[in-house]
Amino acid sequence: MLLIIEPTPTPGSILIRLAVRLCPINPHPSLAGFAKSLAEAEGEDIWKNKMTIIRNLSRAISQVLQSPGCGCQTSIVPVRCIGVSPRQVTSDASFHSVSFSETDHPRVLITGGLGQLGVGLAKLLRKRFGKNNVILSDIRKPADNVFYSGPFIYSDILDYKNLREIVVNNRITWLIHYSALLSAVGEANVPLARAVNITGLHNILDIAAEHSLRLFVPSTIGAFGPTSPRNPTPDLCIQRPRTIYGVSKVHAELMGEYYHYRYGLDFRCLRYPGIISADSQPGGGTTDYAVQVFHDAIKTGKFQCNLKPDTRLPMMYIDDCLKATLDVMEAPAELLTMRTYNINAMSFTPEELVQEVQKHVPELEVTYNVDPVRQAIADSWPMNFDDDNARKDWGWKHDYDLPELVTTMFNFLGAESRIAQAN
Ligand SMILES: NC(=O)c1ccc[n+]([C@@H]2O[C@H](COP(=O)([O-])OP(=O)(O)OC[C@H]3O[C@@H](n4cnc5c(N)ncnc54)[C@H](O)[C@@H]3O)[C@@H](O)[C@H]2O)c1
Ligand SMILES: C[C@@H](O)[C@H](N)C(=O)O
């Protein structure tokens, strides 16, 4: 149970939120009734007698917790009372942000949804929660197939008011924050990366806290640096990344956890490895070579790799990444002993990946033309990622190892190129 008091809370709004949080499916009648009478009395200066309110509140809480009809877990009941939310909002805004119908299915907003990962995630979530409960957003124009596959909305995460309007108007309850500039493009434009990855995140955190959203922010292997243990890299260790991308992701991890402890924000974060996908292009990272090799093998039979052949990095097939994201979002809060987890599937070098790819395309010719910026970044990142805590706490398990990944990529891309040739 969690109690958040808004900057100018009204007793009724607090109790309605409390009733919903205690038993989201079926808000307890004694709390709901008590909330209603307090809400009606809000015209009077009810805060004059704060002690009466607190006494009545505790009585109502213990009544609910002892009630056999309430199926919610009642063994641990930390009550967190917070004086002010991070940005001032009216109590009305908070009051309207909770409604009973929202608890049936999450209403999801994905920011930066037109990148490598967002469209696939929307597809997975729509299958689970219904097409209209998942809204993709970005500052780019969606392709026709994306636009017609479900709700899409323009949203610049640097525009706080617009973002808030979207959350309120669409009664959003889950926010998946994918907007970011990745490692290589971030180094090419540090001011923009700082704005999007740090200022944008602040907007997201404040809106999520104000509207009691469940917030997912992905972090990355790039949140570690040359002084971190690299083989393997545990969840908790030194994090001194040397890219603006990495610095912004450590900032996101720490801010999210801080908001969790300070404001009760339901913040969840996974550190993804490099993600490999067939039907979406990477957005300018250090691990992009591991996607490009498949396209080049099929199109030209020639591949120029921008990392040294022995550069080992943790990697994952996109389906595993999206499954982990849904799993951690659905995990009961009491299973999460941490709010930021490493997840991993495999680790390989360009040389090892090429060997596996050549089992499918034996004629593939590979040359190495090292990009010093990307190589320096890769050399500072984990080689192997320790994800024991995710496996223990909420049952994380990957499905794709290197051979399955490569076969799946060729099955997908081969089928696509056969279709293209036929047309
Ligand atoms: N793809 C990976 O290998 C990987 C690995 C680790 C972590 N991640 C994280 O996962 C998330 C999604 O990654 P991705 O690969 O899809 O990234 P991507 O670069 O492909 O897409 C990012 C999207 O953010 C959008 N964006 C940029 N500025 C914006 C703004 N001001 N407002 C709204 N949107 C904006 C871009 O238009 C783009 O569509 C990122 O946070 C990334 O750091 C990705
Ligand atoms: C690893 C990840 O964060 C991203 N693919 C990058 O290389 O920047």
Side-chain angles (χ1 to χ4, degrees), residues 114-124 127 143-146 149 182 184 220-221 272-326 343-371 374 378 381 383-385 387 396-423:
L114 296 185
Q116 187 189 3
L117 307 184
V119 173
L121 184 69
K123 200 167 156 198
L124 179 72
K127 232 187 253 167
D144 282 357
N145 64 327
V146 174
S149 64
L182 302 194
T220 162
I221 49 173
Y272 295 162
I275 305 301
I276 298 165
S277 59
D279 58 350
S280 57
Q281 291 295 329
T286 304
T287 58
D288 292 9
Y289 88 87
V291 177
Q292 195 57 43
V293 63
F294 292 96
H295 293 277
D296 290 356
I298 285 185
K299 274 193 206 134
T300 63
K302 290 188 170 60
F303 171 61
Q304 192 173 76
C305 184
N306 55 22
L307 293 182
K308 288 184 195 161
D310 60 350
T311 311
R312 182 172 299 283
L313 290 168
M315 300 277 186
M316 181 178 286
Y317 184 56
I318 188 167
D319 286 12
D320 275 337
C321 164
L322 303 180
K323 181 184 69 158
T325 306
L326 176 58
I343 51 162
N344 197 22
M346 64 192 99
S347 270
F348 55 72
T349 64
E351 211 166 31
E352 288 164 358
L353 177 61
V354 163
Q355 270 172 21
E356 202 61 40
V357 168
Q358 282 172 333
K359 290 182 185 164
H360 298 257
V361 185
E363 66 279 13
L364 174 68
E365 285 173 28
V366 179
T367 51
Y368 291 89
N369 183 13
V370 172
D371 169 0
R374 282 184 165 85
W381 282 1
M383 298 162 82
N384 277 298
F385 222 25
D387 61 359
W396 157 242
K397 188 174 152 302
H398 68 279
D399 287 329
Y400 293 83
D401 286 324
L402 182 56
E404 289 85 55
L405 162 87
V406 173
T407 305
T408 309
M409 289 291 286
F410 278 117
N411 286 344
F412 188 95
L413 294 173
E416 264 212 330
S417 78
R418 277 192 297 280
I419 292 167
Q421 275 162 16
N423 289 332

By salt bridge (charged side-chain N to carboxylate O under 4.0 Å, His left out), which residues pair with Glu352, not counting sequence neighbours?
Arg312

Rounded to the nearest 0.5 Å, how far apart are CD1 of Ile298 and CZ of Phe303?
13.5 Å

Should Thr287 and Ile275 count as side-chain neighbours, where that means a heavy-atom distance under 4.5 Å?
no

Please step through side chain to side chain contact (heavy atoms under 4.5 Å, CB included) for the pair Asn306 and Asn369, ending with a clear verdict.
CA-CA 5 Å; Asn306 55 22; Asn369 183 13; over 6 Å; no

Minimum heavy-atom separation for Tyr289 to Pro350, with atom names?
OH-N, 3.4 Å

Looking at Gln358 and Glu363, would you say the former's side chain and the latter's main chain have a donor-acceptor pair under 3.5 Å?
no

Quick one: closest heavy-atom pair of Trp396 and Asn344, and the distance?
NE1-O, 3.3 Å

Would you please test Thr220 and Leu182 for side chain to side chain contact (heavy atoms under 4.5 Å, CB included) and show each step?
CA-CA 10 Å; Thr220 162; Leu182 302 194; over 6 Å; no

Would you give the length of the straight line joining atom CG of Leu307 to atom CG of Leu313, rounded to the nearest 0.5 angstrom?
6.5 Å

Nearest 0.5 Å please: distance from the CG atom of Asp279 over to the CZ atom of Phe412.
4.0 Å

State the CE-CD1 distance between Met409 and Ile276, to the nearest 0.5 angstrom.
7.0 Å

Quiz question: by atom type and distance under 3.5 Å, do the side chains of Ser277 and Gln116 form a donor-acceptor pair?
yes

Pairwise side-chain contact, His360 with Val406, heavy-atom cut-off 4.5 Å (strictly under):
yes

Within this structure, what is the CD1-NZ distance for the pair Ile343 and Lys323, rounded to the nearest 0.5 Å?
9.5 Å

Side chain to side chain contact (heavy atoms under 4.5 Å, CB included) assessment of Lys302 paired with Asp296:
CA-CA 6 Å; Lys302 290 188 170 60; Asp296 290 356; over 6 Å; no

When you check the side-chain N and O atoms of Gln292 and Asp288, is any donor under 3.5 Å from an acceptor?
no

Where Thr349 and Pro309 come nearest, the two heavy atoms and their spacing:
CB-O, 3.2 Å

Is Leu405 close to Met346 at the side-chain level, that is, under 4.5 Å between some pair of heavy atoms?
yes

Just verifying a value: how many Å separate Leu124 CG and Thr325 OG1, rounded to the nearest 0.5 Å?
8.5 Å

Walk me through whether Leu402 and Phe348 qualify under side chain to side chain contact (heavy atoms under 4.5 Å, CB included).
CA-CA 8 Å; Leu402 182 56; Phe348 55 72; 3.7 Å; yes

Could you check whether any side-chain N or O of Lys299 sits under 3.5 Å from a backbone N or O of Phe294, counting only pairs where one atom can act as donor and the other as acceptor?
no

Qualifying residues under side-chain contact (heavy atoms from CB on, under 4.5 Å), relative to Thr367, sequence neighbours excluded
Gln304

On a heavy-atom basis, which atom in Ile221 and which in Pro273 lie closest, and how many Å separate them?
CG2-CA, 3.8 Å

Return a table of donor-acceptor pairs under 3.5 angstrom between the side chains of residues 315-322 and protein atoms on other chains or two or more places apart.
unit_1, atom_1, unit_2, atom_2, d
Asp320, OD1, Asp399, N, 2.9
Asp320, OD2, Asp399, N, 3.0
Asp320, OD2, Tyr400, N, 2.9

